[in-house]
Novice: 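Input: one structure, supplied below.
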Amino acid sequence: MKYLILLGGLISTTFSYSAPMSEELSICYNFNSDKLVKKSSCIVHSGYGAGGSYVAIEQGRHTYNIETEITYNEQTDDSEESEPTLNDLPAKFYARDLFYKKIEDHSLITDDSLRCYQTKNKKIDICYK
């Protein structure tokens, strides 16, 4: 019984700080030096809370956590999104087309494009659709 109470406390603590928006079955793509090395099903969770947003990707035994902070800029009186982190490493967002080529012009990104994140040290490069 103590374990159920403890587990319930942990679950309520986790969800009290974030608001899940979606959980979807997706296809994930892992790249290495612009070459596709793995394509498999995955589960993509996304949400927001406490000044930022997150995407969590479960692909087999691997979990990829992408987080972005929202900060307020007093000079422009506007909110700004920070660069993302991927598994706590500095990262960047980019997109690929259906032929796995990087999309350089952001105006060409569509709903059919792959959403991708790559760590700045290029050790992790994951996309999903």
Side-chain angles (χ1 to χ4, degrees):
M1 184 66 171
K2 289 181 186 178
Y3 294 112
L4 290 176
I5 294 170
L6 179 61
L7 179 61
L10 288 173
I11 290 172
S12 67
T13 301
T14 300
F15 290 113
S16 68
Y17 293 106
S18 64
M21 294 186 306
S22 69
E23 179 176 275
E24 299 176 358
L25 182 60
S26 298
I27 302 295
C28 287
Y29 307 79
N30 300 88
F31 291 87
N32 187 357
S33 301
D34 278 335
K35 294 192 188 320
L36 179 66
V37 293
K38 183 177 182 182
K39 176 181 173 183
S40 66
S41 60
C42 59
I43 299 173
V44 178
H45 310 266
S46 62
Y48 61 91
S53 61
Y54 71 89
V55 174
I57 301 170
E58 295 177 38
Q59 184 184 33
R61 293 180 293 184
H62 298 282
T63 300
Y64 302 96
N65 293 305
I66 302 149
E67 296 180 1
T68 305
E69 292 181 9
I70 306 292
T71 56
Y72 176 71
N73 184 332
E74 290 182 18
Q75 295 174 343
T76 63
D77 191 33
D78 202 9
S79 296
E80 297 175 351
E81 193 172 28
S82 69
E83 285 195 346
T85 61
L86 172 53
N87 290 358
D88 295 324
L89 297 171
K92 67 175 182 170
F93 168 81
Y94 72 98
R96 290 182 184 266
D97 63 22
L98 297 178
F99 299 102
Y100 310 136
K101 302 290 183 209
K102 287 184 180 177
I103 299 174
E104 302 298 332
D105 182 352
H106 284 260
S107 68
L108 299 176
I109 297 173
T110 68
D111 289 341
D112 291 328
S113 303
L114 304 180
R115 299 182 55 80
C116 305
Y117 292 89
Q118 181 182 47
T119 56
K120 293 207 173 177
N121 65 9
K122 299 185 180 189
K123 294 203 182 246
I124 304 171
D125 190 352
I126 184 149
C127 302
Y128 63 94
K129 181 176 182 305

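For the single chain, residues carry numbers from 1 onward in sequence order.
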Novice: Quick one: salt bridge (Lys or Arg N to Asp or Glu O under 4.0 Å) pairs with a partner in residues 56-72, sequence neighbours left out?
Specialist: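 As it turns out, there is no salt bridge (Lys or Arg N to Asp or Glu O under 4.0 Å) pair with a partner in residues 56-72 once direct neighbours are skipped.
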Novice: Test: salt bridge (Lys or Arg N to Asp or Glu O under 4.0 Å). Region: residues 80-93. Which pairs qualify, not counting sequence neighbours?
Specialist: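 Output for this query lists E83-K120.
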Novice: Show me the side-chain donor-acceptor pairs of residues 108-115 shorter than 3.5 Å, one per line, residues at least two apart or across chains.
Specialist:
from, atom 1, to, atom 2, distance (Å)
T110, OG1, D112, N, 3.1
S113, OG, T110, N, 3.0
S113, OG, T110, O, 3.3
R115, NE, Y128, OH, 3.3

Novice: Holding to salt bridge (charged side-chain N to carboxylate O under 4.0 Å, His left out), I want the full list of residues that pass it with D78, two or more places apart in sequence or in another chain.
Specialist: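 D78 satisfies salt bridge (charged side-chain N to carboxylate O under 4.0 Å, His left out) with no other residue.
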Novice: Can I43 be reached from I124 by stepping across I, L, V, M, F, W or Y side chains whose heavy atoms are under 4.5 Å apart?
Specialist: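 No, I124 and I43 fall in different hydrophobic clusters.
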Novice: Kindly compute the distance separating CD (Q118) from CZ (F31), expressed to the nearest 0.5 Å.
Specialist: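 One gets 10.5 Å once the value is rounded to the nearest 0.5 Å.
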Novice: Do L86 and V44 sit in the same hydrophobic cluster, where Ile, Leu, Val, Met, Phe, Trp and Tyr count as joined when their side-chain heavy atoms come under 4.5 Å apart?
Specialist: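 Same cluster.
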Novice: Only pairs at least two apart or in different chains count here, so list each disulfide bond (SG atoms under 2.5 Å apart) that has a residue in residues 51-109.
Specialist: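 Passing the test, one end in residues 51-109: no pairs.
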Novice: Atom CD1 of I126 and atom OG1 of T119: how far apart are they, to the nearest 0.5 Å?
Specialist: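 It is 11.5 Å, given to the nearest 0.5 Å.
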Novice: Nearest 0.5 Å, what's the CD-CG distance between Q75 and D77?
Specialist: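 It is 11.5 Å, given to the nearest 0.5 Å.
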Novice: For residues 57-98, which residue pairs qualify under ring pair (Phe, Tyr, Trp, His ring centres under 6.0 Å), counting only residues two or more places apart or in two chains?
Specialist: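 Every ring pair (Phe, Tyr, Trp, His ring centres under 6.0 Å) pair that includes a residue of residues 57-98, provided the two are not neighbours, is F93-Y117.
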Novice: T68: what forms a side-chain hydrogen bond (donor to acceptor under 3.5 Å, both in side chains) with it, not counting sequence neighbours?
Specialist: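 For T68, no residue satisfies side-chain hydrogen bond (donor to acceptor under 3.5 Å, both in side chains) once neighbours in sequence are set aside.
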Novice: Can any side-chain N or O of N65 pair as donor or acceptor with the backbone N or O of N87 at less than 3.5 Å?
Specialist: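 It does not hold such a pair.
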Novice: Which residues pass the side-chain hydrogen bond (donor to acceptor under 3.5 Å, both in side chains) test with S107, not counting sequence neighbours?
Specialist: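 Counting only residues at least two positions away or on another chain, S107 forms a side-chain hydrogen bond (donor to acceptor under 3.5 Å, both in side chains) with D105.
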Novice: Just grab all the disulfide bond (SG atoms under 2.5 Å apart) pairs involving residues 60-110, residues at least two apart or on different chains.
Specialist: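 Matches after skipping sequence neighbours: none remain.
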Novice: So, using side-chain hydrogen bond (donor to acceptor under 3.5 Å, both in side chains) as the criterion, who are the partners of Q59 when residues are at least two apart?
Specialist: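 In terms of side-chain hydrogen bond (donor to acceptor under 3.5 Å, both in side chains), with neighbours along the sequence ignored, Q59 is linked to N30, S40.
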Novice: Dump the intermediate steps for side chain to side chain contact (heavy atoms under 4.5 Å, CB included) on I27 and K39, then the final yes or no.
Specialist: CA-CA 7 Å; I27 302 295; K39 176 181 173 183; 3.9 Å; yes
Novice: Linking I/L/V/M/F/W/Y whenever any side-chain heavy atoms sit under 4.5 Å apart, do I57 and Y100 land together?
Specialist: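 In one cluster: no.
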Novice: Going by disulfide bond (SG atoms under 2.5 Å apart), name the pairs with one or both residues in residues 94-129, residues two or more places apart or in two chains.
Specialist: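 Qualifying pairs: C116-C127.
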Novice: Sort and list the pairs that fulfil salt bridge (Lys or Arg N to Asp or Glu O under 4.0 Å) and have at least one residue in residues 25-36, not counting sequence neighbours.
Specialist: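 Non-adjacent pairs meeting salt bridge (Lys or Arg N to Asp or Glu O under 4.0 Å): D34-R96, D34-K102.
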